[in-house]
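To keep things clear, I will list the structure first and then write my remarks on it.
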Amino acid sequence: MRTFKQSLAFEYIQIIVGAALVGLAFNIFLLPARLAAGGVSGISTIIYEVFQFNPAYVQWLINIPLLIVGIVFIGREFSLKTFVGTLFVPFTIWVTQGMDLSVDNPLLSAIYGGIMLGVGLGIVYRGNGSTGGTALIAQVLKKFTGLSSGFSQLLVDGLVVVTSAFVFNFELALYALMSIYVTSKVIDFVQLQTSPTKLILVITDKEEKIQSIIKNEINRGLTKVKTLGGYSNEEKTMILCVVEQSEAIYFKKLLQEVEPDSFVIFVNASEILGRGFSKAQYDKDF
């Protein structure tokens with residue numbers, strides 16, 4: 001039985017919330033600072049500068065033919081979700097267009113606008129949707145090239161930034177590029193559900209002692225792999241364990257006190273699926 005987080009309704013909620021954040025990022029940070037940070041929003045910023053056309057209407061008009069692209073290349077379900085995202089981004093822009101927080105510093109707008117935009121797009125992508133526009137083109141690139149969503153978005157938005165350099169100036173184009181870079185990183189962060197988790201690799205000949213620390217002190221599972229030292233030619237055990245950031249600090253302290261001779265590697269883990277992380281631990285099930 002599917003949980004609510006796995007349901008279609010939850011995906012649509014993610015798309016709506018994410019699209020609203022995208023619209024707010026545009027109105028609060030990008031448009032006031034005249035940053036054409038890629039996508040249809042960037043195109044609408046350029047058109048607003050030149051012709052003073054309402055950005056919300058411009059985005060609706062541009063996205064209509066791109067929705068057809070979604071139907072052809074992605075599929076009907078994706079296109080329905082894209083329609084929802086495409087509707088809510090300009091709607092949010094239209095509703096909040098009178099909002100004035102006086103944030104027109106290009107550096108602050110590039111950073112914080114990029115963060116909010118990335119969070120919004122990342123949430124939309126986690127709902128298997130899109131906000132239309134060049135984000136849709138980026139999703140098509142991802143589908144057929146295997147590139148990450150963030151990198152695909154970076155490629156597609158480059159053309160918009162180059163155009164903005166001629167319409168505005170080179171300095172604002174550089175700020176827009178900074179915003180796009182921040183957005184791409186935040187998108188991948190949100191999509192991967194990156195958390196402060198560590199993969200710990202312990203190579204030791206005292207596996208029972210290490211195993212006892214992991215099981216009894218930090219209550220995590222582990223995997224043991226037999227290894228052969230390349231220099232000493234001695235057989236040892238490599239223990240793999242994934243822990244939270246705070247647990248990693250505690251585990252490091254315990255190892256330094258109890259078993260300082262073990263060879264230990266701490267590696268950042270981007271996404272963890274399984275018991276204790278994406279699912280409850282066995283001893284916490286009800």
Side-chain angles (χ1 to χ4, degrees), residues 3 5-6 14 111-112 114-115 117-119 121-123 125-126 128 138 141-143 145-155 178-285:
T3 64
K5 284 190 175 182
Q6 297 172 323
Q14 286 179 299
I111 295 173
Y112 289 100
I115 292 172
L117 188 61
V119 170
L121 289 174
I123 293 173
Y125 292 161
R126 284 187 61 81
N128 296 316
L141 272 179
K142 176 187 175 184
K143 179 180 178 68
T145 65
L147 298 174
S148 72
S149 296
F151 188 69
S152 298
Q153 192 76 46
L154 191 63
L155 290 176
M178 178 191 296
S179 181
I180 292 171
Y181 178 79
V182 172
T183 298
S184 69
K185 292 302 179 182
V186 175
I187 287 173
D188 288 339
F189 182 91
V190 174
Q191 275 204 289
L192 288 174
Q193 240 184 344
T194 305
S195 57
T197 52
K198 299 287 184 181
L199 168 62
I200 302 177
L201 308 175
V202 183
I203 300 176
T204 181
D205 54 5
K206 299 177 180 178
E207 60 179 276
E208 296 301 327
K209 183 180 292 186
I210 304 298
Q211 182 173 319
S212 176
I213 293 174
I214 294 173
K215 286 187 174 180
N216 299 327
E217 297 294 334
I218 60 177
N219 190 28
R220 289 293 181 186
L222 57 90
T223 299
K224 297 189 289 185
V225 180
K226 293 299 180 182
T227 62
L228 191 64
Y231 178 76
S232 64
N233 209 35
E234 295 179 356
E235 186 177 272
K236 293 189 177 184
T237 300
M238 180 169 65
I239 298 176
L240 292 81
C241 178
V242 178
V243 300
E244 300 285 358
Q245 179 76 41
S246 58
E247 295 170 335
I249 296 172
Y250 180 55
F251 182 66
K252 178 181 177 181
K253 181 180 178 182
L254 288 176
L255 282 181
Q256 289 173 334
E257 294 175 353
V258 178
E259 185 49 45
D261 296 328
S262 295
F263 187 77
V264 187
I265 304 172
F266 291 84
V267 182
N268 290 326
S270 62
E271 183 174 18
I272 309 300
L273 303 176
R275 289 286 175 182
F277 292 91
S278 62
K279 299 178 181 178
Q281 294 182 357
Y282 284 107
D283 58 0
K284 292 182 181 180
D285 287 342

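Nearest approach of Cys241 to Gly221, heavy atoms of both residues: SG-O, 3.4 Å.
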### Task
Take Thr227 and Ile203 through the side chain to side chain contact (heavy atoms under 4.5 Å, CB included) test and state the conclusion after the steps.
CA-CA 8 Å; Thr227 62; Ile203 300 176; 4.3 Å; yes
### Val202 and Met238: CA distance, side-chain angles, deciding distance, side chain to side chain contact (heavy atoms under 4.5 Å, CB included) verdict
CA-CA 5 Å; Val202 183; Met238 180 169 65; over 6 Å; no
### Query
Step by step, would you call Thr223 with Ile239 a side chain to side chain contact (heavy atoms under 4.5 Å, CB included)?
CA-CA 6 Å; Thr223 299; Ile239 298 176; over 6 Å; no
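Residues Glu217 and Leu254 form a side-chain contact, since some pair of their non-hydrogen atoms from C-beta on lies under 4.5 Å apart. Residues Arg220 and Val242 are not in side-chain contact: their nearest non-hydrogen atoms beyond the backbone lie 4.5 Å or more apart. Using a 4.5 Å heavy-atom cutoff, the side chains of Met178 and Ile111 are in contact. Side-chain contact between Thr183 and Leu121 is present, with at least one heavy-atom pair separated by less than 4.5 Å. Side-chain contact between Ile213 and Val258: present, with at least one pair of heavy atoms (C-beta onward) separated by less than 4.5 Å. Side-chain contact check for Lys252 versus Phe266: some heavy-atom pair is nearer than 4.5 Å. Looking at heavy atoms from C-beta onward, Ile200 lies out of side-chain contact with Leu240 at the 4.5 angstrom threshold. At a threshold of 4.5 Å between non-hydrogen side-chain atoms, the residues Thr204 and Phe263 do not count as touching.
Leu201 contributes atom CG, which lies 4.5 Å from atom CG of Leu199 (distance to the nearest 0.5 angstrom). Here the NZ atom belonging to Lys209 is positioned 13.5 Å from the CD1 atom belonging to Ile214, to the nearest 0.5 angstrom. In this structure, the separation between CD on Gln211 and OG1 on Thr237 is 9.5 Å, given to the nearest 0.5 Å. To the nearest 0.5 angstrom, Ile187 atom CD1 is 10.5 Å from Ile180 atom CD1. To the nearest 0.5 angstrom, Ser262 atom OG is 6.5 Å from Leu255 atom CG.
Among pairs with a residue in residues 224-236, those fulfilling salt bridge (Lys or Arg N to Asp or Glu O under 4.0 Å) read Glu207-Lys224, Glu207-Lys226, at least two apart in sequence or across chains.
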